[in-house]
Amino acid sequence: MNFVDLAHPAEEIARKLLGSVLTHETPEGTVRIAITETEAYSGAADPASHAYRGRTARNAVMFGPAGHLYVYRSHGLHWCANIVTGTDGIASAVLMRAGRVVEGEDLARRRRGAKVESPRLARGPGNFCQALGITAEHNGTNLLAGASVVLSEGSPVPAELVRVGPRVGVSKAHDWEHRFYLADDPTVSAYRLSPRGKPSEGS
C-alpha cells in the first residue's frame with residue numbers, strides 16, 4: 001500500500017492497514033507494532049464516531065488531512081490511537097485495536113507489566129497505545145513526515161486471512177461490520193458488545 005495515499009474511505013483503509021507497522025522512537029528505545037486489528041469510523045455518517053455531531057476541539061484532527069494521528073482518552077483511563085483517513089475537511093479515522101510487537105518487546109513489556117504475555121502486549125486499543133508509548137502529546141502527529149511516530153508498510157496480508165465483523169464495545173451502530181482483523185491471530189481482541197447506553201470507545 002502507498003502510505004502517502006490515505007485519502008480514501010475509512011473502511012477501505014482499515015482493511016489495508018492490516019500488516020502495516022507503527023513505529024515509535026523514544027529516548028527509552030524503539031517499539032514497532034504490526035497492526036492485526038482495526039475499526040473504521042466514518043464521521044458524520046456514523047453514529048458511533050466522535051465526529052457524528054460535528055467538529056469540536058477534541059475531534060478536530062479527525063477532519064484531516066489524512067495520515068495524521070488522532071489520540072483520545074477512553075473512559076478517562078486509556079489512550080487510543082487512530083489514523084485519519086478520507087478527504088481533508090470530512091471526518092473519518094481508523095482505530096488501531098490490536099497489534100503484534102515486532103521490535104522492542106522488552107520496552108513494551110516494561111510499559112505494560114512484567115507478567116503480560118507477548119500476544120497481550122498490544123491487544124486492545126488502550127494496550128496498543130501503552131505498549132507503543134503513545135499519549136495525548138502525539139495527537140495530530142503526521143505519520144508520513146518522519147516524526148517520532150511513523151507508519152510504514154509491512155508484510156502483505158493475504159485476502160483469505162482477513163476477517164470482517166461488527167465493532168467491539170460500541171453501543172451505537174454496533175452491528176456495522178467495520179472491524180477488520182487477522183484470522184486466528186492471538187493478538188486480536190475478543191468480541192464483546194457494549195451494554196446499552198455505555199459510552200462508545202470508538203472514534
Side-chain angles (χ1 to χ4, degrees), residues 1-3 6 8-24 29-42 48 69-71 74 77-85 93-134 143 149-170 173-194 200-203:
M1 178 184 175
N2 179 2
F3 286 106
L6 292 168
H8 294 279
E11 56 269 28
E12 178 181 332
I13 300 301
R15 180 191 291 269
K16 291 182 177 180
L17 283 171
L18 294 176
S20 61
V21 176
L22 271 178
T23 301
H24 187 198
T30 298
V31 174
R32 300 176 73 238
I33 295 179
I35 299 166
T36 60
E37 182 183 8
T38 62
E39 284 180 347
Y41 289 87
S42 305
L69 201 61
Y70 168 48
V71 181
S74 176
L77 298 173
H78 308 291
W79 297 111
C80 296
N82 306 257
I83 296 173
V84 176
T85 67
V94 176
L95 174 68
M96 303 297 99
R97 278 212 58 87
R100 181 177 63 259
V101 177
V102 295
E103 182 182 335
E105 184 169 321
D106 288 345
L107 176 55
R109 184 167 281 107
R110 288 203 300 273
R111 290 168 173 164
R112 288 276 290 115
K115 296 183 179 180
V116 177
E117 299 175 353
S118 295
R120 300 182 63 86
L121 286 173
R123 181 193 290 170
N127 296 334
F128 187 100
C129 279
Q130 188 175 6
L132 207 54
I134 289 178
L143 299 173
V149 185
V150 176
L151 177 68
S152 59
E153 191 169 9
S155 301
V157 174
E160 61 268 23
L161 294 183
V162 177
R163 298 291 182 268
V164 183
R167 294 178 292 202
V168 177
V170 296
H174 58 81
D175 55 344
W176 289 23
E177 294 200 336
H178 281 190
R179 175 183 174 230
F180 301 86
Y181 58 98
L182 300 186
D184 302 319
D185 192 297
T187 67
V188 171
S189 308
Y191 176 75
R192 65 177 176 80
L193 175 63
S194 173
S200 166
E201 73 169 9
S203 63

On a heavy-atom basis, which atom in N82 and which in A93 lie closest, and how many Å separate them? CB-CB, 3.9 Å
Do you know the tightest heavy-atom contact between A81 and L95? O-CD1, 3.6 Å
Which atom names give the shortest non-hydrogen contact between E11 and F180, and what distance separates them? O-CZ, 3.5 Å
What pairs with T23 under side chain to side chain donor-acceptor pair (under 3.5 Å), at least two apart in sequence or on another chain? R32
Does R109 come within less than 4.0 Å of E105, counting only side-chain N to carboxylate O? yes
What is the minimum heavy-atom distance between G124 and S189, and which atoms define it? N-OG, 3.6 Å
Listed partners of W79 passing ring-ring contact (aromatic ring centres under 6.0 Å, His included), at least two apart: none
Quick check: do P125 and E39 have side-chain heavy atoms less than 4.5 Å from each other? no
Reference residue L69; test side chain to side chain contact (heavy atoms under 4.5 Å, CB included); the match among L151, V84, I134: I134
So, for C80 and G126, which heavy atoms are closest and what is the spacing to 0.1 Å? SG-N, 4.3 Å
Would you find a donor on one side and an acceptor on the other, under 3.5 Å apart, between the side chain of Q130 and the backbone of R111? yes
From CG (L17) to CD1 (I83), nearest 0.5 Å: 4.5 Å
Smallest heavy-atom separation, T85 atom then P9 atom, equals OG1-C, 4.3 Å
Value for CD1 (I35) from NZ (K16), rounded to nearest 0.5 Å, stands at 14.5 Å
Heavy atoms from other residues, nucleotides or ligands near CG of D175 exceed 12 (cutoff 6.0 Å): yes
May I have the list of side-chain donor-acceptor pairs in residues 157-169 shorter than 3.5 Å, sequence neighbours left out?
| unit_1 | atom_1 | unit_2 | atom_2 | d |
| --- | --- | --- | --- | --- |
| R163 | NH1 | E160 | O | 2.7 |
| R167 | NH1 | A40 | O | 2.8 |
| R167 | NH1 | D46 | OD2 | 2.6 |
| R167 | NH2 | D46 | OD1 | 3.0 |
| R167 | NH2 | A173 | O | 3.3 |

When rounded to the nearest 0.5 angstrom, what is the spacing between OH in Y191 and OH in Y181? 10.5 Å
